[in-house]
Visitor: 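Got a structure for you, questions after.
Computation of the quantities below employed the complete heavy-atom set of this structure, encompassing side-chain atoms and omitting hydrogens, waters and symmetry-equivalent molecules. Quick caveat: nothing in here was measured; it's all calculated off a predicted structure.
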Amino acid sequence: MSEVCETGREGRRGVAKAEHGGPGDVLLARPGDTVNPRIGAMRVGLWLMAALLAVRQITVVLRQPPGERLTDLGTWTGPGGVLHVPGSLYDAAQFTGTPFNGLVLKPFASSAEQALGWGWTFGTLLLVAVLGLIVARAVPQPVSRRTALLAAPVAICLLMLSLPVRNTLHLGQTSIIPVLLVLVGCFAARDERVSGVLIGIGAAFQPTVLLFAPLLWFTGRRKAAVSAGATFAASTALAWAAMPDDSWTYWIDEAAGAGLAVNPDGLANQSLHGALLRFGLSGPLEWALFLALAAAVVYVGLRRAVRYARDGQLLLAVAITGCVAVAVSPTAWQHQLLWVLLAVVGRVGKRASDRPVWPVAVVLAMTLPAKMMLPNMAVLHPIRDNVILVAALAAACFVPFLSRTAPTFDRPVPTDYAAPVAARWKWVPLVPFWRRVLTRPNLLLEMLLIRVGYSAYSQVRLAATAGRSTAEEHGRQIHSIEQALFIDIEHWVNHAVVGVPWLKDFFNFYYTSFHFVVPLTVLGVLYVRRPVDFRWARTALGFATVLALIGFWLYPLAPPRLMPGLGFIDTVHGAQDFSKPDYGTLTALTNQYAAMPSLHFGWSLWCGVVIVILAPKVWMKVLGALHPTITVMTIVGTANHWVLDAVGGAMVVGAGFGIGYLLAGPRARSVPVPPDEPEKAAVREPDRSLT
């Protein structure tokens, strides 16, 4: 298939027409086209966001002290750097690139360090922008008009946010160059030999990029494959002739750079070799297992890449091959993992509700620390420590990407939406695109987003503190307001509870146990039995939690148990040293002064409202109403919250439900799922009496 690596219109459109023959497979904006105003506004906003992200990256890098920014570049080109000294590049254990990489960088060694830093940072950002434009034009066709218009700014934003690009900018690395050379060779170079030369130069920077030569060969681009191999050999030979000792060290003594890393078993090395070292393997056994696994990954991954290239999904094929290169490289540092992000273009799932799972998982893995995606549980540590490697292996070998011939490739099974309704109050500005979904959401996607959302909540909650003195001052303010309102009952209730041992023990257990158990149980039951109501309730809970985080940030507040001189007794944690308050085992992990509003009460009130509205039995409604009632007595009796904290919790929960109403109108009504037919939830039209 000779069209696979052609460029621009001739390449991608040629492949599409050759394989499927349908007009309109590529839908791109043309100068005379009319753009929907809403899409135009979104496009401007996304480009503005990309520009702001670029400015932020420049600011973050250049505001760091000279010794802390562009650290790899500084050790190469700075005073006494490895590119200055007459000896070997690898003597100081600071340079891990190929000899060709060092040969290319040597001319920069005489540049002024400050000027080189600015030029390197701006040059890298320019390469990222070009990379995003190429990726946007290479998205597997057909795509909608909205996708065509928004693909470029979205691609650039994702690249700017990705850990590899941020790491590259921080260290001053060259890892963007091989990726860009491969994409230019596949999507912009018109001549096969030129394409091969570009990919061969990329392989000279990162040897596993040579795996693209088999992809070219088996897709009919044999001249490009031969040219890539010849260019790689010539570049390596040139570096060998110029630096024979360094070349011998890199290729022979250090096994193609595998031994150059200071910590090859560190979490930054997301290759199979690094993972095996982290599992405790070493020596010949580890190398034998690594080579066997690498051979299997190369075989399976390249077969899949060839298949998708022949299907017209060349960008996906390139991404899969890059993921193979990441997995089988002896060292795959964070700045070399950009290939995994490109795999986001693969389409997985027949249902529209399932389609976002893979791209969301990839984007989260490539933009967030692994500890935010998975809980800190020992059983999950092997996955958490190798999350990007797992994503690379999944893309290369396991994820069932759809073929373009699949009927659901560009027309997935649609999502059911409730009919649009008018708000009860005419002034309510219902958002047109926020439609009420009637189908059950994808469980994996929900769990992933809940986990990431809770991690973000924990991080913001931990950071939202202005210090003990400010929190205590706010505590005195709250206490004074309660005294003026004659609701300062905390001290009396606290001492009354302490005087009844069984009641104190009950409240302590309730406080430490029910805060998470009850909301998670309610969400689980709704997901299984009432999926429409799950979306409504989950949205309200999410907005309420976000509003509470704003309160924690703007108004740090000392709870009664941490107010010196007022005589409160901490029933859960015992007597407190107010200079170093003890919150049990979570002291170092939670913000002591995130008290206003009280999410202990807010979440319990959310549970009570949902249960009272949706529960089919009266006794269930009674239990639902009791939960927030007992919770407010618990938080006051244990001296963990003021009464006004509970009022704040009620306000954010009410606002959470209100925001959901403003965005989508009243909740759609659903019929509970019969126990023996969980997948056949009958959904009827919304009750018009509520509109």
Side-chain angles (χ1 to χ4, degrees), residues 49 52 56 59-60 368 372 449-450 452-485 487-488 490 511 515-516 519 538-566 568 570 576 578-581 583 586-606 609 628 631-632 635-636 638-663:
M49 183 182 298
L52 292 175
R56 178 185 178 276
T59 304
V60 168
L368 297 177
M372 292 189 66
L449 294 179
I450 288 174
V452 172
Y454 180 71
S455 296
Y457 156 75
S458 300
Q459 294 297 320
V460 174
R461 191 174 189 266
L462 182 62
T465 178
R468 176 189 169 194
S469 59
T470 302
E472 290 180 356
E473 175 61 28
H474 290 163
R476 287 188 285 271
Q477 293 175 2
I478 293 295
H479 191 222
S480 299
I481 294 173
E482 290 190 351
Q483 288 178 321
L485 297 174
I487 59 173
D488 55 324
E490 293 89 354
Y511 180 84
H515 180 43
F516 294 106
R538 176 255 284 142
T539 301
L541 181 64
F543 282 124
T545 303
V546 170
L547 293 174
L549 287 179
I550 297 174
F552 298 156
W553 188 276
L554 297 178
Y555 197 77
L557 172 66
R561 68 179 183 85
L562 295 183
M563 288 294 293
L566 295 184
F568 286 98
D570 188 343
Q576 296 292 308
F578 292 109
S579 63
K580 296 180 180 179
Y583 202 59
L586 298 179
T587 297
L589 302 177
T590 187
N591 176 10
Q592 309 295 293
Y593 304 121
M596 171 62 83
S598 168
L599 278 185
H600 257 85
F601 178 72
W603 286 1
S604 68
L605 180 62
W606 172 86
V609 170
T631 298
V632 74
I635 62 176
V636 173
T638 58
N640 276 283
H641 282 285
W642 305 95
V643 171
L644 288 181
D645 295 347
V647 176
M651 291 175 65
V652 296
V653 169
F657 282 108
I659 293 173
Y661 184 90
L662 294 179
L663 292 173

Visitor: Side chains of Arg56 and Leu52: closer than 4.5 Å at any heavy-atom pair?
Guide: no

Visitor: Would you say that Ile481 contacts Trp642 through its side chain, given a criterion of any heavy-atom pair below 4.5 Å between the two side chains?
Guide: no

Visitor: What closest approach, in Å, do Glu472 and Met563 show between heavy atoms, and which atom pair accounts for it?
Guide: O-CE, 3.6 Å

Visitor: Rounded at 0.5 Å granularity, tell me how far OG1 in Thr539 sits from CZ in Phe657.
Guide: 10.0 Å

Visitor: What closest approach, in Å, do Val632 and Ala646 show between heavy atoms, and which atom pair accounts for it?
Guide: CG2-CB, 3.8 Å

Visitor: For Gly649 and Pro597, work out which heavy atoms get closest and say how close.
Guide: N-CB, 3.3 Å

Visitor: For the atom pair CG (Asp488) and CG (Leu644), what is the distance rounded to the nearest 0.5 Å?
Guide: 10.0 Å

Visitor: Is it true that Thr545 and Trp603 share a donor-acceptor pair across their side chains at a distance under 3.5 Å?
Guide: yes

Visitor: Kindly give the heavy-atom pair with the smallest separation between Val653 and Gly602, and that separation in Å.
Guide: CG2-O, 3.0 Å

Visitor: Parallel, tilted or perpendicular: which describes the rings of His600 and His641, with under 30° parallel and over 60° perpendicular?
Guide: tilted

Visitor: Between the main-chain N or O of Val643 and the side-chain N or O of Glu490, is there a donor-acceptor pair closer than 3.5 Å?
Guide: yes

Visitor: Enter the distance from His515:NE2 to Phe601:CZ here, rounded to the nearest 0.5 Å.
Guide: 13.0 Å

Visitor: Could you measure the distance from the CG atom of Leu605 to the CG atom of Leu599? Nearest 0.5 Å is fine.
Guide: 11.5 Å

Visitor: How far does CG of Leu541 sit from CH2 of Trp606, to the nearest 0.5 angstrom?
Guide: 5.0 Å

Visitor: With rounding to the nearest 0.5 Å, note down the distance linking CD in Glu482 to CG in Asp645.
Guide: 7.5 Å

Visitor: Can you see which heavy atom on Pro628 is nearest to which on Ser604, and at what distance?
Guide: CA-OG, 3.5 Å

Visitor: Do you know which two heavy atoms are closest between Met596 and Ile478, and how far apart they sit?
Guide: CE-CD1, 4.0 Å

